[in-house]
Amino acid sequence: MPELPEVETVRIGLERWAVGRTIAAVETYGDRTLRRFLAGPGEFAARLVGRRIEAARRRGKFLWLPLDDGAHLLAHLGMSGQFRAVSPDEPDASHLRARFRFTDGGTELRFIDQRTFGGLSLDDSGETADGAPQSLAHVAPDPFESAFSDARFVAAIRRRRTGLKRAILDQTLISGIGNIYADEALWRAKLHYARATEGLRRPEIDRLLAAARAVMADAIAAGGTSFDALYVAVNGESGWFDRSLEVYGREGEPCSRCGTAIVRQQFTNRSSYLCPRCQPRPRRGRW
DNA sequence: ACATCCACCTGCTCGC
DNA sequence: TGCGAGCAGGTGGATG
């Protein structure tokens, strides 16, 4: 379940269903489930058994569970990953990638991932200065973190020579934003995706940050965006923010501000939705 | 260092 | 009905 609001919905579920429990057994399936953990599935399980999960944290779209020995169980949902808390006698879903049993004998935690772009890892290399596991050092803070600095973001994005949407999708500049919320934030801020980053004015960047925070906060409050059963919370529930989307997936529908038909354009092999009137194409844009 | 492209997957929908 | 093409919310490694 991909972007920040959906991952946050999962994090809240992990807090509810996994934190405070001690792992009794771990099984992983498929050779793409474990990432950057060369010791292999046997060692992965051995290192986790007996460990208590202390918290559920998130930076952008990355999740991690700090363990009582100082290591971190990392997870990324990719395009289709889910965590589900289910009764042990519930039949396995197709695409089950990992199973965590707990010493209390209660609900299992299952990691399910159809497209296998997601994965799990175990990182015991400590934390960065701003409190993320070392292996996430390349990921910028997301705009809800206290470690996020608006001033540093402004300087960093202006240093780039690229288009605005490319920049906000770059997780090393700002994390958590994906294709849906990029389009939604750009619409709210009335900015075109091809605006050249080096020409952005401070008020425009401030507007964009405010819009990104607002749209993602609204989406978190709605439990995230669920177009279909692939994207659900840990308890299996769908979010309903798709009803509040203003441009994403709304090609041909009227812009709620000005009535102009929303258009869809190809952009780096994916789609961008925008209002051609509220978000005028720049004379000299960058893609 | 930075910008861009492409590979990595499965499954659904659409048009022929 | 069958089949191929196109599309889907992401990341990171290779290549300029």
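Chain identifiers are assigned alphabetically (A, B, ...) following the order of the sequence lines, protein sequences preceding nucleic acid strands; residue numbering begins at 1 within each chain.
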Closest non-hydrogen atom pair between A/A233 and A/T9, with its separation: CB-CG2, 3.7 Å
Does A/R32 pair with A/D113 as a salt bridge, N-O distance under 4.0 Å? no
Here the distance between atom P of C/dG9 and atom OH of A/Y231, to the nearest Å, is 8 Å
Under 5.5 Å centre to centre and under 30° between planes: does that hold for A/F117 and the six-membered base ring of B/dC9? no
Here the pair of heavy atoms bringing A/P141 nearest to A/A147 is CG-O, 3.8 Å
Distance, rounded to the nearest Å, where A/L4 contributes CG and C/dG10 contributes P: 11 Å
Where the side chain of A/N179 is defined as all heavy atoms beyond and including C-beta, which of C/dG9, B/dC2, C/dA8 is the nearest nucleotide? C/dG9
Check this one for me: any side-chain N or O of A/H76 less than 4.0 Å away from OP1 or OP2 of C/dG10? no
Lys/Arg N to Asp/Glu carboxylate O, A/E184 vs A/R188, below 4.0 Å: no
Return whichever of A/R97 or A/T162 has its heavy-atom-nearest nucleotide of DNA chain B closer to the 5' end. A/T162
Examine C/dT11: is either OP1 or OP2 under 4.0 Å from a nitrogen or oxygen in the side chain of A/K61? Give yes or no. yes
Nucleotide N/O of nucleotides 12-16 of chain C paired with protein N/O under 3.5 Å:
from   : atom 1 : to     : atom 2 : distance (Å)
C/dG12 : OP2    : A/H138 : NE2    : 3.2
C/dG13 : OP1    : A/R36  : NH2    : 2.4

Whole angstroms only, please: what is the CD-P distance between A/Q82 and C/dG10? 16 Å
Could you report the tightest heavy-atom contact between A/Y181 and A/A219, atom names first, then the distance? OH-CB, 3.3 Å
With the side chain defined as heavy atoms from C-beta on, A/Y248 is closest, among C/dG10, C/dG9, B/dT10, to C/dG9
Salt bridge (Lys or Arg N to Asp or Glu O under 4.0 Å) assessment of A/E145 paired with A/R59: CA-CA 8 Å; A/E145 289 183 79; A/R59 163 163 290 182; 2.9 Å; yes
Same-atom distance (P) from C/dT11 to B/dC12, integer angstrom: 24 Å
Please state the P separation for the pair B/dC6 and C/dG6 - nearest whole angstrom. 15 Å
Could you tell me the separation between the NZ atom of A/K165 and the P atom of C/dG10, rounded to a whole number of Å? 9 Å
When rounded to whole Å, the CD to P distance for the pair A/E6 and C/dG10 reads 9 Å
Shortest non-hydrogen pair, A/T197 vs A/A167, comes out as CG2-CB, 3.7 Å
Go ahead and write out DNA chain C as dot-bracket, 5' to 3': ( ) for pairs within the strand, [ ] for ones crossing earlier pairs, | when the partner sits on another strand, dots for unpaired; Watson-Crick or G-U wobble, both distances under 3.5 Å. .|||||||.|||||||
Starting at atom CG of A/L169, determine the distance to atom C1' of C/dT11, rounded to an integer number of angstrom. 12 Å
Quick one: is B/dT10 close enough that its OP1 or OP2 comes under 4.0 Å of any side-chain N or O from A/T116? no
Report yes if at least one side-chain N or O of A/Q171 is closer than 4.0 Å to OP1 or OP2 of C/dT11; otherwise report no. yes
Looking only at the side chain of A/R115 (C-beta and beyond, no hydrogens), which of the listed nucleotides C/dG9, C/dT11, C/dA8 gets closest? C/dA8
Once you apply a heavy-atom cut-off of 4.0 Å, does A/R35 come out as touching a base, just sugar-phosphate, or nothing? nothing
Identify which one of A/E8, A/E3, A/E6 satisfies the salt bridge (charged side-chain N to carboxylate O under 4.0 Å, His left out) criterion when paired with A/R58. A/E8
In terms of side-chain geometry, is the basic nitrogen of A/E204 or A/R195 positioned less than 4.0 Å from the acidic oxygen of its partner? yes
Could one point to a donor on the side chain of A/R270 or the base of C/dA8 with an acceptor on the other under 3.5 Å away? no
Interatomic distance where CZ belongs to A/F111 and P belongs to B/dC9 [whole Å]: 15 Å
For salt bridge (Lys or Arg N to Asp or Glu O under 4.0 Å), just list the numbers for A/D183 and A/K165, CA-CA rounded to whole Å, side-chain angles, deciding distance to a tenth of an Å, and then say yes or no. CA-CA 8 Å; A/D183 284 0; A/K165 183 169 173 182; 2.7 Å; yes
Starting at atom OH of A/Y181, determine the distance to atom C1' of C/dG10, rounded to an integer number of angstrom. 15 Å
So, A/E246 and A/R257, do they make that salt bridge, N to O below 4.0 Å? no
